[in-house]
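Here the structure is laid out as structure tokens; the discussion comes afterwards.
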There are 2 protein chains.
Amino acid sequence: MKLQYQPPIASITVDCVLFGFIEGQVHVLLIKRGSEPEIGKWALPGGFIEQKESITEAASRVLELLTGITGVYMEQFHTFGETERHPLARVVTVGYYALIDAAHHNLKPSWHAEETAWFDISKMPKLAFDHKAIFQLALKTLQKELNISPIIFELLPTKFTLSDLQNVFEIILGRTMDRRNFRRRLKTMDILIELDEVRPGAHVGATLFKFDKKKYKTLQAEGFDFSL
Amino acid sequence: MKLQYQPPIASITVDCVLFGFIEGQVHVLLIKRGSEPEIGKWALPGGFIEQKESITEAASRVLELLTGITGVYMEQFHTFGETERHPLARVVTVGYYALIDAAHHNLKPSWHAEETAWFDISKMPKLAFDHKAIFQLALKTLQKELNISPIIFELLPTKFTLSDLQNVFEIILGRTMDRRNFRRRLKTMDILIELDEVRPGAHVGATLFKFDKKKYKTLQAEGFDFSL
DNA sequence: ACAAAAGTGTTCCTTTTACACCCATGA
DNA sequence: TCATGGGTGTAAAAGGAACACTTTTGT
């Protein structure tokens, strides 16, 4: 590796794909670009990394700057480095994704974004740059990840019903599941705590549950299977 | 996203984790650094990306430059961007990994590397920079990937015995498997073609097989499970 | 009274696991 | 002849898939 040091030739950005669950549908957070290039187009929240911060730190900072959302654990999933992906310069972007309970994170208006909004993942607008590809890979990564980790609980509020949970699975995986089998399997996994509480619904009330993080951590060590 | 364009502040490199199967053991390809910093230390083959190439192209070019190995399909697995990971400058590196049949790729000496060698993954030397962490994450990614893709066949020559195959699985996953169950499951998957050939071994000859890529592609569409 | 969602068991079949002996060959 | 690795079957257990009716409550 007799390679001399070479000065930087590309800028580095991060882009964040934030999934949220709103009104029974999975949504993604987008901002409307307020500057050139691609001004006025919808895009993933993103920005340049700075000299003294790691890429992960940049992702958190940028997300907060653009949306006001803080304290979210984001997972890096891919780096996009095609030479032509940005029209004005060589820009390499590192993609992060996260799932959040949208209801409990308020979007703060920011002068950095002209507008910020959640979009149903089945009704996405045209996106700037190669953000469509970035979004699609994030979704694919999420689908794979669902099989091996309880990441899905991040989408739900602390208290949720089994129907809520099944709903999220069905939307993200794009298929339906048998209710009885679903419930039995979750019971077997033993990672939910049943609460003495019922959500007063339109009809018969549904029992509320919460996720048992402690029990999950124990299981995780053995590497367990979350596929449904 | 009212973010002005910002000039590059970090160099970008790629690092390649190449796995090979040699004398019944999984090995990784390392080079001895021939320039500062960390001169003389073992490191993953890597180098800077250039202006007019994508990151993936850079990975292939760098690998060939340093080792003479070409035509390998490498998979990106993570980007490392801690501010202090390189002692002299801000350098962000994109990690790639691949599996190759080491016997069929000759290492060509290169003036870029003082020395190039395969190391048994259970006997790794001290590595330069944060390359130990990069290697470890590559191995972990590979272990996960084994469950969902037939990537493991890349490690083996075209013709191999079932024992060879089981051997590779056991080494990478770090556990032993029952021989009869292993063989049955592969028979069920139906992705191997039995050859009319036997490897003249030290004792009773072992039947040779080859991987049925066509059949695998058909199965892949349905998304199939390769876990053993 | 009816519409809408919650809750609940059983059967069948497939898959997984555990386990031990004989065979062919070369040294 | 013995040491080495190749090859083979079965039984028991666990897990996955398919399937329909009753309950509660608001309108």
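A, B, ... follow the sequence lines: proteins, then strands. Residue 1 opens every chain.
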Step-by-step side chain to side chain donor-acceptor pair (under 3.5 Å) determination, Tyr96(A) to Ser60(A): CA-CA 10 Å; Tyr96(A) 281 78; Ser60(A) 299; over 6 Å; no

Just N and O in the side chain of [X]: are any of them under 4.0 Å from OP1 or OP2 of [N]?
X: Thr188(A); N: dG15(D); result: no
X: Ser163(B); N: dG6(D); result: yes
X: Thr207(A); N: dA6(C); result: no
X: Arg184(A); N: dG9(C); result: no

Phe160(A) ring center within less than 6.0 Å of Phe211(A) ring center: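 Ring centres of Phe160(A) and Phe211(A) not closer than 6.0 Å.
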
Pick the nucleotide of DNA chain C nearest each of Lys187(A) and His203(A); which residue has the one closer to the 5' end?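 Looking at DNA chain C, the more 5' nearest nucleotide goes with His203(A).
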
For DNA chain C, whose closest nucleotide is more 5', that of Arg180(A) or that of Arg185(B)? Arg180(A)

In terms of side-chain heavy atoms of Val204(A), which of dA6(C), dT17(C), dG6(D) is nearest? dA6(C)

Selection from dA5(C), dG9(D), dA6(C) that lies nearest to any side-chain heavy atom of Arg183(A):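 For the Arg183(A) side chain, the nearest candidate turns out to be dA6(C).
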
Using heavy-atom distances to pick each residue's nearest nucleotide on DNA chain D, tell me which of Asn181(B) and Asp164(B) is more 5'.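 Mapping each residue to its closest nucleotide by heavy atoms, the 5'-most match is Asp164(B).
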
Treating Glu170(A) as the side-chain partner and Met177(A) as the backbone partner, does any N or O pair qualify as donor plus acceptor under 3.5 Å?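 Yes; judged by distance alone, with no hydrogens or angles, the pair exists.
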
Mark yes or no for whether Glu57(A), through its side chain, and Ser54(A), through its backbone, hold a donor-acceptor pair below 3.5 Å.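 At least one qualifying donor-acceptor pair exists.
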
